[in-house]
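This one's a predicted model, so the numbers in the text were calculated from it and none came from an experiment. The analysis underlying the following values was restricted to heavy atoms, covering all of them including side chains, and did not include hydrogens, waters or symmetry mates.
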Amino acid sequence: MAKDLDELLDEVESKFCRPDPLRLGMVERPRGGGGGGGILSNDRNRTEAKENLRSTETFKKEHDLDSLINEIFEEPNFDKKCFKLKSKSSGNTSVRASIQGPGKSCSPVYLGGSAVPCGIGTNTSQRACDHLRCIACDFWVVSYDDYGWDKSCDYLFLRNNMPEFHKLKTKLVKKKGTRAYACQCSWRTIEELTDLQTDHHLRWVCGKH
């Protein structure tokens, strides 16, 4: 009876399990009446050990798989939050840019006193350009409302002090309604709306809004 049961176990293991060299060696041994029980007991112990090992490995793999699945599901949530924040920020920027009219130039380019509003100047919307750039000295033009330049202002003074207001203030005179313009090489005191083309000495252009 023990011999038949042992042969049945051998047949099952050979069909469904990987061959074990140690096991094969034991199959070839003659099965006596007295030693059969010991071999069968050893086989069962090995089989149980293998099953336990397989169960442990399966549990580890399933645990690793669960962890991986959790990571996959957690990461998109984080990305979505970041994407929403970025989208919100870029949306506000695009709204502000569309209001300001990116890349638009004044035509014609106007200068004006402090009563003249600043912005993009056109034939229908006469506004003083506040994005002027000098193509001679390559400086942005600054402007100060209700100020005019003193007669003692000169090129050397601007060259040494542009564009710091606390230094330029020594040559600025308070004068309501006027606007003081200057780059590093030229300066003007403007009271009324003036087309820039009428002043041929200035090398100022609209730097686009």
Taking all non-hydrogen atoms of both residues into account, name the closest pair between [X] and [Y] and its distance.
X    : Y    : value
Q184 : F139 : OE1-CE1, 3.2 Å
H209 : C106 : NE2-SG, 3.3 Å
L158 : A182 : CD2-CB, 4.2 Å
V109 : C129 : CG1-CB, 4.0 Å
L172 : A180 : CD2-CB, 3.7 Å

Got a second to check how far [X]'s [atom1] is from [Y]'s [atom2], nearest 0.5 Å?
X    : Y    : atom1 : atom2 : answer
S114 : E191 : OG    : CD    : 9.5 Å
Y110 : D130 : OH    : CG    : 15.5 Å
T194 : Q126 : OG1   : CD    : 11.0 Å
M162 : C137 : CE    : SG    : 7.0 Å
C134 : R203 : SG    : CZ    : 7.5 Å
I190 : T178 : CD1   : OG1   : 9.5 Å

Check for a donor-acceptor pair, side chain of [X] on one end and backbone N or O of [Y] on the other, with a separation under 3.5 Å.
X    : Y    : result
D145 : R179 : no
R127 : P117 : no
D154 : F157 : yes

Once you measure the plane-to-plane angle for [X] and [Y], does it fall in the parallel (<30°), tilted (30-60°) or perpendicular (>60°) bin?
X    : Y    : value
Y181 : W204 : tilted
H131 : W140 : perpendicular
Y144 : W149 : perpendicular

Practice task
Compute both the distance and the angle, then confirm whether K175 meets the cation-pi test with Y147: under 6.0 Å from the six-membered ring centre, within 45 degrees of the axis.
Solution key: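 Verdict for Y147: no cation-pi partner in K175.
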
Handout entry: Test side-chain contact (heavy atoms from CB on, under 4.5 Å) applied to L111 and V141, V116, L132, D195, the passing residue
Key =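 So, applying the side-chain contact (heavy atoms from CB on, under 4.5 Å) to L111 and each of V141, V116, L132, D195, only L132 qualifies.
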
Problem - CD/Q197: more than 12 non-hydrogen atoms of other groups inside 6.0 Å - result: no

Problem - salt bridge (charged side-chain N to carboxylate O under 4.0 Å, His left out) between D138 and R133, worked out - result: CA-CA 7 Å; D138 199 30; R133 191 174 187 89; 3.1 Å; yes

Exercise for the section: Tell me yes or no: between the side chains of K171 and S152, is some donor less than 3.5 Å from an acceptor? Expected result: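 Per modelled atom types, K171 and S152 side chains form a pair under 3.5 Å.
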
Handout entry: Same apolar cluster: L196 and L193, side chain cutoff 4.5 Å
Key =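 The answer is no; the residues belong to distinct hydrophobic clusters.
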
